[in-house]
Amino acid sequence: MPQESKHQTTKILSDPDSLVREFVKPRMYLHLATTMSRPNALIYSLSRVFEGTNPEFTISVAGIHSSAHCLALSGIVKKMITGFAGDNYPKPSPNSLYKDLMRGKPFELELWSLLTLVQRLMAGAMKLPSFVSNSLVGSDLITDKLGKTAFLYHKPTEGNPFGEAASPHLVTESRGTREKDMVVLLPLCPEITLVHGVVADEDGNIVLSQPGGEAAWGALAATKGVIATVEKIVPRGTVPPELVHIPSTKVLGIAPARFGAHPQSLRVQGFPEIPAFEGVESYLDDYEFQMEANKAAGIPAKAEKWYKENVMLSGGHEDYLDLIGEVRLRRLKMTPPEHSLSSPENPKTVNDSEQMIILAARAIIEKVKTKGYKTILAGIGAAHIAAWTAAKLLEKEGIHIKIVAELGFYGMKPFAGDVFLFSQLHTRHCSMLSDIVSILGTIVPDDCLGVIGAAEVDWFGNINSVLDGKGNFLVGSGGANDIVSAADTIVVAKANRFRFVRKVKHITSPGERVVEAVCQFGRFQRSSFSDHPFELTSWLAPASDEEMEPEEAVLRYTLWLPPDEDLSIPQEPEINSDELTALRELDPERIYTEQFMVYTRLP
């Protein structure tokens, strides 16, 4: 084991717990870096070391899910700054652990979108007084921040440098308007950022896994510096400089932690031929573990048991690896076979969920052909399955559209059979691996079509993913607000009267650029930046009730205006075998294509 040198400023310690004890103090503001390989070993250590001490940490992280639920269970967090809290596998969904989050339990919440959180870290890293963003304007995400960490200003106009442009809106009732306003964000400056990297040299220069997620911005924004675990510590001078993401001058301490991102993944493809990466192998997400953690966290009795068995281990990270077992860890290094179907699927077996996804794929295909979009942003959920299906069908016509995902996937070709949007298996055929800022900040505003889901959508396109009807927390924005703020967007959602509503309970993403809502029985459309509500523009009776008529479907499954009886609604062609086969190849376990709704009769 490498020992600390008298001639280095970065300390090398033996394990994650030692790093936390050495550098982290109560009441610090800590940031957890959201790369594709989250610092889970350090998150566990943080919980172990400070269990029962009431350290009152403020923590920022792009998203809380799976093993990060231990932060809520440990009681060590006073305030959380984040964009998502819930479960993201096998499907994005709320976790009851966070149902009272908007009421300050299990910790205070400051809720952002994914891009704005990273933009604030960028401002902190560059020592900027603020950062101008396209996001948040017109949404309820901004109202609790006005005059504190976010400021609305009228957009500058030519020849008027000291007029309206210099006047901020400080009233919390105002969300601003995209036509007139821009939002200015204050920087985020954590004291210490926790990171897990692929390798680091003895000086502390760190290589991160790709795609980059938030990249190095959270690390560079830290005022005191970074503590990091890595898969391997190598001699100084052996890491090629073009692969270093975090320089040693920002790093306080490092420690080895094999599988330090588990149950998340780590990617080192392209590196094994370099001596510094010898013996370091990629590993995949441990879906089984993530589902166990998600399920346990939402049930108090199970949560306590899971926490004790997986986090409160006397031997720290080594005990954790022993608990997982070498057989399971080796299996995570293996690439499974890609799924394929031996024969075409029978379209008469289509269900409502599959019909919804295929109708959404048709909407995407139509818009790509008529509007000439360069890229499709695939939001997690049925939306990304629809985007993948559309891309497969377009490719058969010789049209190669680039699918992108918010954490840094560009030109994604999904690995058939793995439905997780952010699986490392999908990197194998990407044409570029980048990061959140590149995707949400530059690709999405440039002729991109967004495709996302929604917990609620109203007839003017406003989307809610924060609050349910009882005031319980759902999941947050993630990147949805950033997508809708900058790109024309299609919403893919199973229609029911609690989801297709007249007015959303929280405007998480404003509806100005939401141009279509696709459900199991058809497509609703509206023009962007218009005052008109959605209208049913095409129709296909739901697979579960082929006798249903358009007006009955709208009244039964939505709170929207039914179509005019005198107008004929164009009929969608029946689902065909090519469409259903393309979809089912992607989702062999029926995670997104199961018939997951029991319909109710008209009230």
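In the model, Ser60 has a side-chain atom that pairs as donor or acceptor with a side-chain atom of Tyr29 under 3.5 Å.
In this structure, Leu433 CG and His426 NE2 are separated by 12.5 Å, a value rounded to the nearest 0.5 Å. The distance from atom CD1 of Ile591 to atom OH of Tyr287, rounded to the nearest 0.5 Å, is 8.5 Å.
In this structure, the side chain to side chain donor-acceptor pair (under 3.5 Å) partners of Lys308, at least two apart in sequence or on a different chain, are Glu304. Partners of Lys392 according to the salt bridge (charged side-chain N to carboxylate O under 4.0 Å, His left out) rule, which considers only residues two or more places apart in sequence or in another chain, are Glu585. With sequence neighbours left out, His384 forms a ring pair (Phe, Tyr, Trp, His ring centres under 6.0 Å) with Trp388, Tyr592. Partners of Arg48 by salt bridge (charged side-chain N to carboxylate O under 4.0 Å, His left out), not counting sequence neighbours, listed by chain and number: Asp17. In this view, Thr375 and Lys402, Val404, Tyr410, Ile443, Cys448 satisfy the side chain to side chain contact (heavy atoms under 4.5 Å, CB included) rule, not counting sequence neighbours. Considering only residues two or more places apart in sequence or on other chains, His245 meets the side chain to side chain donor-acceptor pair (under 3.5 Å) condition with Gln210. Take Thr489 and apply the side chain to side chain donor-acceptor pair (under 3.5 Å) test, not counting sequence neighbours, and it matches no residue. Evaluation of the side chain to side chain contact (heavy atoms under 4.5 Å, CB included) rule for Asp468 yields Lys470, Asn472, Leu474 as partners, not counting sequence neighbours. Under the rule for a side chain to side chain donor-acceptor pair (under 3.5 Å), the partners of Ser133 that lie at least two apart in sequence or sit in another chain are Gln119.
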| task | Evaluate ring pair (Phe, Tyr, Trp, His ring centres under 6.0 Å) for Tyr44 paired with Tyr320, printing each intermediate quantity in order. | result | CA-CA 10 Å; Tyr44 289 144; Tyr320 177 78; 4.8 Å; yes
| said: Working note: Glu292 + Lys305, criterion salt bridge (Lys or Arg N to Asp or Glu O under 4.0 Å); need CA distance, chi angles, decisive distance, verdict. | reply: CA-CA 12 Å; Glu292 289 171 357; Lys305 184 175 184 289; over 6 Å; no
| request: Determine, step by step, whether Arg236 and Asp201 satisfy the salt bridge (Lys or Arg N to Asp or Glu O under 4.0 Å) criterion, reporting the C-alpha distance in whole Å, the side-chain angles of both residues, the deciding distance to 0.1 Å, and the verdict. | output: CA-CA 5 Å; Arg236 62 175 51 87; Asp201 67 16; over 6 Å; no
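The backbone N or O of Leu467 lies less than 3.5 Å from a partner atom in the side chain of Asn464, making a donor-acceptor pair. Here the side chain of Asn481 pairs a donor or acceptor atom with the backbone of Leu136 at under 3.5 angstrom. No donor-acceptor distance shorter than 3.5 angstrom exists from the side chain of Asn40 to the backbone of Ser67, with no hydrogens or angles considered.
For the pair Lys91 and Glu594, the salt-bridge criterion is met [side-chain N within less than 4.0 Å of a carboxylate O].
Applying the salt bridge (charged side-chain N to carboxylate O under 4.0 Å, His left out) definition to pairs two or more places apart or across chains, none involves residues 36-46. Among residues at least two apart or in separate chains, salt bridge (charged side-chain N to carboxylate O under 4.0 Å, His left out) pairs with a member in residues 104-124 are Lys79-Glu110, Glu110-Arg120.
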Donor-acceptor pairs under 3.5 angstrom involving side-chain atoms of residues 213-220: please list them, not counting sequence neighbours.
unit_1, atom_1, unit_2, atom_2, d
Glu214, OE1, His31, NE2, 3.0
Glu214, OE1, Thr34, N, 3.0
Glu214, OE2, His31, NE2, 2.9

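For the side chain to side chain donor-acceptor pair (under 3.5 Å) with Tyr283, the qualifying choice from Arg267, Arg331, Glu231 is Glu231, the only one to do so.
Aromatic pair Phe415/His429: centroids not less than 6.0 angstrom apart.
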